[in-house]
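Have a look at the structure below, then the notes.
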Amino acid sequence: MQLPTGEIMTTPLYFDAYTTAIETYPDDNVELKIVDVTLAGSVLNAHETATFNVKVINNGPITLKDVRVKIEALNGTQVHFTGGAAGFFGSITTGPLGHDVLENQSKKFDLFLGKPPFELKAGAAQSKAQLIKVTLEDWTADLTSIYTDHTDARPTVSDGYSAEVNPV
């Protein structure tokens, strides 16, 4: 199809807007929070470890499935999965969250033997600095709630039949 400007439209504009809406959904509707930080003592000392979890908050109408996050270690810190046999790393990427994050809900990653699932190891002593950063690595959109929860009765969409009724 050729537009009035002479450009050839390869896909209907609706699909382009739809794709953009899905791609940018996390920017407008998803938050990640580092929560349940557990220190060995009252403060984090050099080269000590702490466990933590990540909460995924969905503020919009799309269900998030198969959420994966990347946890990056910063400023000399290292990270790994709690209970993991492997050492600490500069970054780790989780498997799927294990729970769908429904519209306007939040979920955390499952505990590991009763402990938060992630662990950080501090580097050398330093003034306050960001030690880890969590980013959304991957997710799948489930639009079922849009198609079911937003399909209420619409009284304004109606019709009626009128006719004169004559006496018999």
Is it the case that atom CG in Asp159 sees more than 12 heavy atoms from other parts of the structure closer than 6.0 Å? no
Name all residues meeting the side chain to side chain contact (heavy atoms under 4.5 Å, CB included) criterion together with Asp110; count only those two or more places apart in sequence or in a different chain, and write none if there are none. His99
Given the rule that I, L, V, M, F, W and Y join up when any side-chain heavy atoms are under 4.5 Å apart, are Val35 and Leu39 in one cluster? no
Quick one: does Lys65's side chain get under 4.5 Å of Asp142's, heavy atoms only? yes
Shared ILVMFWY cluster between Val54 and Leu113, side chains joined below 4.5 angstrom? no
Is there a side-chain contact between Leu111 and Lys115, using heavy atoms and a 4.5 Å cut-off? no
NE2 (His80) and CZ (Phe89) are apart, to the nearest 0.5 Å, by 9.0 Å
Which value, rounded to the nearest 0.5 Å, describes the distance between Asn29 atom CG and Glu31 atom CD? 9.5 Å
If you define the side chain from C-beta out and look only at heavy atoms, does anything of Leu74 sit under 4.5 Å from Ile132? no
Is the backbone N or O of Val101 less than 3.5 Å from a side-chain atom of Thr63, with the two atoms forming a donor-acceptor pair by type? no
What are the two closest heavy atoms between Pro61 and Ile146, and how far apart are they? O-CG1, 3.8 Å
Between Lys70 and Ile92, is any pair of side-chain heavy atoms under 4.5 Å apart? no
Heavy-atom distance under 4.5 Å between the side chains of Leu97 and Asp66, does that happen here? no
Rounded to the nearest 0.5 Å, the CG atom of Leu64 sits from the CD1 atom of Ile57 at a distance of 11.5 Å
Flag side-chain contact, heavy atom, 4.5 Å: Asn59 against Val30: no
Can you get from Val69 to Leu102 by hopping between Ile, Leu, Val, Met, Phe, Trp and Tyr side chains that sit under 4.5 Å apart? no
Are the side chains of Ser145 and Ile62 in touch, meaning some heavy atoms are under 4.5 Å apart? no
Residue pairs, two or more places apart or on separate chains, that pass side-chain hydrogen bond (donor to acceptor under 3.5 Å, both in side chains) and touch residues 47-58: Tyr25-Asn58, Asn45-Glu48, Thr49-Glu119
Euclidean distance, Leu131 CG relative to Leu44 CG, rounded to 0.5 Å: 6.5 Å
When rounded to the nearest 0.5 angstrom, what is the spacing between OG1 in Thr135 and CZ in Arg68? 13.5 Å
Supply the atom-to-atom distance Gln105 CD to Asp100 CG, rounded to the nearest 0.5 angstrom. 10.0 Å
Check whether the side chains of Gln126 and Asn75 place a donor and an acceptor atom closer than 3.5 Å, and report yes or no. no
Identify the heavy atoms of Ala46 and Ala124 that sit nearest to each other, and give their distance. CB-C, 4.0 Å
Would you mind telling me which of Phe52, Phe118, Phe81 makes a ring pair (Phe, Tyr, Trp, His ring centres under 6.0 Å) with Phe109? Phe118
Could you check whether any side-chain heavy atom of Lys121 comes within less than 4.5 Å of a side-chain heavy atom of Thr77, counting everything from C-beta outward? no
